[in-house]
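Below is one structure; the comments refer to it alone.
Reckoned from all heavy atoms, side chains included, excluding hydrogens, waters and symmetry mates. In the text below, chain A, chain B and the rest are named by the order of the sequence lines, each starting its count at 1.
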Amino acid sequence: MPLILPLLLAVVLFCIGVYGVLARRNVITLLMAFELMLNAVNLNLVAFDAWRINDATGQTLAVFVITLAAAEIGLGLAIVLLLFRGHGHVDADAARDLAEQDDAERNELVEQEKAT
Amino acid sequence: MIATAWRVAGVGFSLLVVLAAALLYGVDPQQTKAGGAMIGEDFWFSYEFRTDGLTVLMLAVVGVVSACVQIYSIGYVRERIASYTALVTLFTAAMVTVVISDNLFVLLIGWEVMGACSYLLIGHYWERRDARAGAMKAFLMTRLGDVGFLFGIFVLGVGYHTFRISELGSGPIEPRTLTIGTILLLVGVIGKSAQVPLQTWLPDAMPGPSPVSALIHAATMVAAGVFLIARLYNVFVEARTTLTVLAVVACVTMLFAASCAMAAVEVKRVLAWSTVSQLAIMFAALSLGTHDGRRAALFQLLTHAAFKGLLFLCAGVLLHQVGSAAFVVLRRYTRRGASRKQLRVTFVTMTIGLAALAGVPGFSGFFSKDAVVAAAWEQAKDGSTVGWIVLVSVCLTAAMTAFYCVRMWLWVFFRTPALAGAVGAFEGDDPMADLDEPDANKLRDGSWLMLAPMVLLAIGAIGLGYVDGVHLNLPIALVTTVLAVLGGFAAYSLWQRGADPRPVVLEREYGVDPAYQRLFVVPVEWLAKLAVGNDRDVIGGYVRAAGRAGVLASQGFRKLQTGNVQTYLTAAVIGAVALAILAGVIGS
């Protein structure tokens, strides 16, 4: 099989992943897009291994990446769960707690806290 | 507890100094070197000490007076005892350092420590504004003189290629260098001993505790100037110009200070001006440049230490009992001689002290003043101008001294026959004063701790006149006695008529302080304001501009921090893509 086909597929997958990360607002969708990007890399690893080296190092690395991806998605979903519990939504645009705040915004926050 | 420990240490140290003087009496002059540091190859700084007649004399004076002051202070000082006693002890130790050192730099250390101690002690009652101001003034004025002193040490030391006092005066030196060096030293001496034109700090130092005044005026601080010239006498004798300057300064000072004392209306201020005047007599004697002159000056120093210390201790009792040393207040206690009867010991000892100061025949001040006059006459006989100036000034001062002594004695202790009111001529002094008759029965002579030093010093004020043997020059004794009687009689007749004419110019002390205010203080304040303005508006402007620029820039940059992860990621992806494209362009 020519190398170009899996590479093209990987590029397509990666671009979809990038698009998903940049454009979607739902955090779970973001995680899924990350997975797409990771799997695009995995595909690259396997493809190059089969094409030139052929001693399974690339495939081994891919297995590692899958494992890491599993851990990462677990952590990510836990954060998402906390986000949902704390804020009642999973909207990436709305989760701006770490942003530099204007004085007016800060005062609003303080007043909100007082109100609660 | 700690106060008691300090008191024991203070009295013990003073007694040690007396003991050292007693042990060193009659020992051959010698120098001891106790290590030191080389600086370069030619000059060195080393701890060198010497013992000779002058050292022993000064040690005895310092030891006895400081012991008296320390014991007296036990009964006098009631607050901040530990620091007070420690400082008095340090003061004494500094004077001892000055007296025994054989190296100009070691002497300078003692000299400067004394300045610092006098500042701290004059400001002992630091709650009072006048005490703080007086302390600051004393410090600044003596400091001004000390700058000259330091450079004088440099000039003389480099000129003679040594800083050892015992080696100064021997060896070749350019006359110009010698004159400049001694004049610079003289500036320091004038500052320390409160001579014209640096005289105003001493009267303003009076808010300090009375025992401290006694110590400063009798044994340490101001006597250090006289001591220094006596110590370096062979150097000063070579520099005739300096001695002439010294004579002029001394003569102007003694008349100036005596006339100020004639118009002062506070016991301690009268005493302070009289100290300035008496020190000037010592300097005048030194300025004669003869062996007799030096001897007379030291004799005067010795007797002055006794009677001036005594007078300040007496003034301390008055302050302690009455609460003020102003004539107007003290006069309220004169009804039926109340203050005389209630404060018997103080009255008697103060009378002895004033008699010695006024030069009443038989008291020590009479003999020492006559010694000065005799030394001046020896010079004047040979047609020396300096001798004549000194002779006339000292005689005039003797009359003025008698005037202010008698004036103070009468006004403070006796009710004026001609006046019904107690306050008399001093009514205008203190409009706030309570003019009612106070309860004089509360006056007490104080504890024996305070009286014993006074009695001891009173014995000294009489007996010290005879220690040198009686060298009475009858015509001179007659002249000075007549002058003193004239001065005293003038004061008596004025007092009897209930009049105390005080010329405005004397009351304002010749307007020296306001003149200094205009000449120095105001310009310095202007300079200070200029410096502050420069710092605040010019240098501060740059600092504030830098800060504002930073704030403005940060306000721009903070817009980037949206807090939105996707914005950051977009920036990162765009950056990565841009870098990749750039790499491709460069690579191809």
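Heavy-atom proximity under 4.5 angstrom to chain B picks out Val18(A), Val21(A), Leu22(A), Ala23(A), Arg24(A), Arg25(A), Leu30(A) from residues 13-30 of chain A. For residues 72-85 of chain A, heavy-atom neighbours of chain B at less than 4.5 Å comprise no residues at all.
Applying the 6.0 Å contact sphere to CZ of Arg508(B) captures no more than 12 heavy atoms from other residues, nucleotides or ligands. More than 12 non-hydrogen atoms from other residues, nucleotides or ligands lie less than 6.0 angstrom from OH of Tyr516(B). Around atom CD1 of Ile2(B), no more than 12 heavy atoms belonging to other residues, nucleotides or ligands sit under 6.0 Å away.
In terms of heavy-atom pairs under 4.5 Å with chain A, the best-connected choice from Thr570(B), Val573(B), Thr567(B) is Thr570(B).
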